[in-house]
Participant: 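Dropping a structure here in structure tokens format, bear with me for questions.
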Amino acid sequence: MPMTNKEVAAFLERVGEILEIRGENVFKARAYYSAARTIESLGEDVSKIVADGELDELPGFGEALTEKVSELVRTGQMKYYDEITADLPEGIFELLDVGDVGPKKVKLFYDKLGIGSVAELEAAARSGALAELPGMGDKSQAKILAGIEQGKEHRGRWLLSQAVPLGERIVAVVEKLEGVKRVSLGGSIRRRRETVGDIDVLVSSKRGAHVIAEFTKLDGVERVLASGDTKGSAVFSPGIQADLRVVEDKSFATALHYFTGSKEHNVRMRQLAKDRGWKLNEYGLFDGDKMLASKDEKALFAHFGMDFIEPELREDTGEIEAALKGALPDLVESRDIRGALHVHSDWSDGRVTIEELAREAVSHGFSYMTISDHSQFSHGLDEKRLGEQWKEIDRVRRIAGGIDILRSCEIDIMKDGSLDIDDETLQGLECGIASVHGSTELGAAEQTRRIIAAVSNRYVDILGHPSQRLLPDQGGMAFDVEAVLSACAARGVAVEISADPMRLDLDWRYIKTAKALGCKFAIGLDAHEKEHFGWLTYGVSMARKGWLEKGDILNTLTARQFRERLGRRRKRRKA
DNA sequence: GCCGTTTTCGGCCCGACTGTTTTCAGTCG
């Protein structure tokens, strides 16, 4: 089984960490980190790039990395890795996950005390041995113990949907503090990454110490990690860390740009500044000692002759070049979406009646909705029950004002690629969504054949959550993404971008590739209760991260256009 | 380990905070 991009990236990340722990040249380690990020943000499979012999064309891939990564992708192993890890204990990497512990301290702990796991670190801290080490003391020891405790409670990343409400609450409170001029979320939450490690908030004020002090007293603060004049850091219930930075208002635009990132985007922007003889940092854009005024981010980009780059695009995947050429996409917005697709009712595992769903959809401004309950394999409806449901849909359609309701179904894709509803019944659907739920462990080749077989059924209009990934940490199943996307494009089957915060699937990294292959998209809610209509914003964010415009997305069409489009496609497929 | 119409060798982002230090190292973002 070929390694996924994520696996290759994680491997390279680890090589970088080992090099740092070993005390090698930090720039050598950085080369591996940079390679890891490049692989992670690829819109195509690294195994394909290796097979095509095009790995050395990626930025940051010279002779050594090309050879080592090719070996890794082909054989699943890297001799170099075995060499540099041979004399290190296996658990040494987990030490890096402890707060306030970096490669230098790992090396120190290992060299002096032979510590090679978090358990050993904890024992050493409790015995007081850590405090005796050079450069360490009681406070450092206590901090490390606290870090170990926190790590036990929670590790890793949070869903975007968990972070956004907290982030917005912090902004709302801080905005009202005395002496605060401007406030914004920054970091990965502003870029709308599908998961975030922490919440970044930027504030402009002349009263930094006061703002930070108030921030650390907010409702929900469990622990204060740092509290200075310009920077504060606290852990909020249920364990999400938030960092607040305070700058002068004249620095707000450059600071916001800086703290929004991504790091890769920032590196490119600083380089652009350097090329022009300027200097860009969080405090401003400088020509010598002179600060080039930027009242907001738009003005900042304008200095470079660039169009404003929406935060979602700032991943260094071509947005800088496009902005310089004035060729950025006109990104889709939530208000462009007219149809609520992929809605489950209490006919399967949803909590709400069709009639209530209709009312809820109207209140969110949708003008049509597809009732897409599960089919029999996922404990949903069989052919007979579907027929009965259609009568109920007809009834609600007559009484519900201002909304069109389409007969739909989330049809299960069987292990062999067939569907669990017969064609005669499928013919009666107005929108067919086919999804994989079971048998996710097939090999990549079989999985690919299976999905392509399913989207080849003429009554399938949309491929639901293609990868079956579950955030924050469960990767998707193994299959040839490009082959499936090509099949969808050829058959006119739209690819779902699930707005379910645990899915957000198709992965935005593949969206640009999908569009280039000719795919259309459908933002699906996968709603099971009323509150889930609010998920739309997350689906739209992913579409935006994938550079999509209104015209790329089927449910920006009016109800009538949507029906016509699906109808036309079906006629073509019959012919 | 990568990279180059300023360089094929010598750079590679940099500032805030903390704790341990009498001037700095490590971590983080």
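Chain letters run A, B, ... following the sequence lines, proteins first, then strands; residues in each count from 1.
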Participant: Under a 3.5 Å limit for both distances, which nucleotide forms a Watson-Crick or G-U wobble pair with B:dT8, could you say?
Facilitator: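 Here B:dT8 is not engaged in any pair, so there is no nucleotide opposite it.
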
Participant: Which listed nucleotide (B:dG29, B:dC2, B:dT20) is nearest to the side chain of A:L65?
Facilitator: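 That would be B:dC2.
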
Participant: Between A:S233 and A:Q241, is a side chain to side chain donor-acceptor pair (under 3.5 Å) present by the stated rule, with each step listed?
Facilitator: CA-CA 7 Å; A:S233 190; A:Q241 183 176 329; 3.1 Å; yes

Participant: Nearest-Å distance, CD (A:E17) to P (B:dT27)?
Facilitator: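 Roughly 12 Å, once rounded to whole Å.
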
Participant: Heavy atoms from C-beta onward define the side chain here; which of B:dG15, B:dG29, B:dG1 lies closest to that of A:Y258?
Facilitator: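 The answer is B:dG29.
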
Participant: Below the 4.0 Å mark, does B:dG1 have OP1 or OP2 next to a side-chain nitrogen or oxygen of A:Y32?
Facilitator: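 Checking A:Y32 against B:dG1: at least one side-chain N or O falls below 4.0 Å of OP1 or OP2.
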
Participant: Taking atom P in both B:dT20 and B:dT7, what distance in whole Å separates the two?
Facilitator: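 Pairwise P distance, B:dT20 against B:dT7, rounds to 47 Å.
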
Participant: For B:dC17, does OP1 or OP2 lie under 4.0 Å from any side-chain N or O of A:S227?
Facilitator: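 No, A:S227 has no side-chain N/O under 4.0 Å of OP1/OP2 on B:dC17.
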
Participant: Within a radius of less than 6.0 Å around NZ of A:K250, do more than 12 heavy atoms belonging to other residues, nucleotides or ligands occur?
Facilitator: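 Atom NZ in A:K250 is not packed in, count stays at 12 or less.
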
Participant: What heavy-atom pair brings A:Y81 and A:R14 nearest, and what distance separates the two atoms?
Facilitator: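 Heavy-atom minimum between the residues: OH-CD, 3.6 Å.
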
Participant: Atom CZ of A:R270 and atom P of B:dC12: how far apart are they, to the nearest Å?
Facilitator: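 Rounding to the nearest Å, CZ of A:R270 and P of B:dC12 are 12 Å apart.
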
Participant: Send over the distance from A:N25 CG to B:dC9 P, rounded to a whole Å.
Facilitator: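 So the two atoms are 17 Å apart, to the nearest Å.
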
Participant: Look at the side-chain N and O atoms of A:T230 and state whether any lies under 4.0 Å from the OP1 or OP2 oxygen of B:dC17.
Facilitator: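 Checking B:dC17 against A:T230, a side-chain N or O does come within under 4.0 Å of OP1 or OP2.
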
Participant: Rounded off to whole Å, could you give me the CZ-to-C1' distance for the A:F286 and B:dG15 pair?
Facilitator: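 Between C1' of B:dG15 and CZ of A:F286: 13 Å.
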
Participant: Just by distance, no angles: are the side chains of A:E264 and A:N266 close enough, under 3.5 Å, to form a donor-acceptor pair?
Facilitator: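 No, A:N266 and A:E264 have no side-chain donor paired with an acceptor closer than 3.5 Å.
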
Participant: B:dT18 P sits how many Å from A:I212 CD1, rounded?
Facilitator: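 Value for this atom pair: 10 Å.
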
Participant: Would you indicate which nucleotide in B:dG15, B:dG19, B:dC2 comes nearest to any side-chain atom of A:Y283?
Facilitator: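 Given the options B:dG15, B:dG19, B:dC2, the side chain of A:Y283 is closest to B:dG15.
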
Participant: Report, as yes or no, whether the 6.0 Å neighbourhood of atom CD on A:E63 holds more than 12 heavy atoms from other residues, nucleotides or ligands.
Facilitator: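 Open.
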
Participant: So, is A:K231 near the phosphate of B:dA16, with a side-chain N or O under 4.0 Å from OP1 or OP2?
Facilitator: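 Result: no.
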
Participant: Taking only the side-chain nitrogens and oxygens of A:R30, find out if one of them lies under 4.0 Å from OP1 or OP2 of B:dC13.
Facilitator: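 Yes, such a contact exists.
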
Participant: Within the pair A:Y33 and B:dC12, is there a side-chain N or O less than 4.0 Å away from OP1 or OP2?
Facilitator: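 For B:dC12, neither OP1 nor OP2 has a side-chain N or O of A:Y33 closer than 4.0 Å.
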
Participant: Taking atom P of B:dC13 as reference, at what distance in whole Å does atom NE2 of A:H257 sit?
Facilitator: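 Whole-Å distance recorded here is 16 Å.
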
Participant: Using the P atom as the reference point in each nucleotide, state the distance between B:dG15 and B:dC3 in Å, no decimals.
Facilitator: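 Taking atom P in both B:dG15 and B:dC3, they lie 26 Å apart.
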
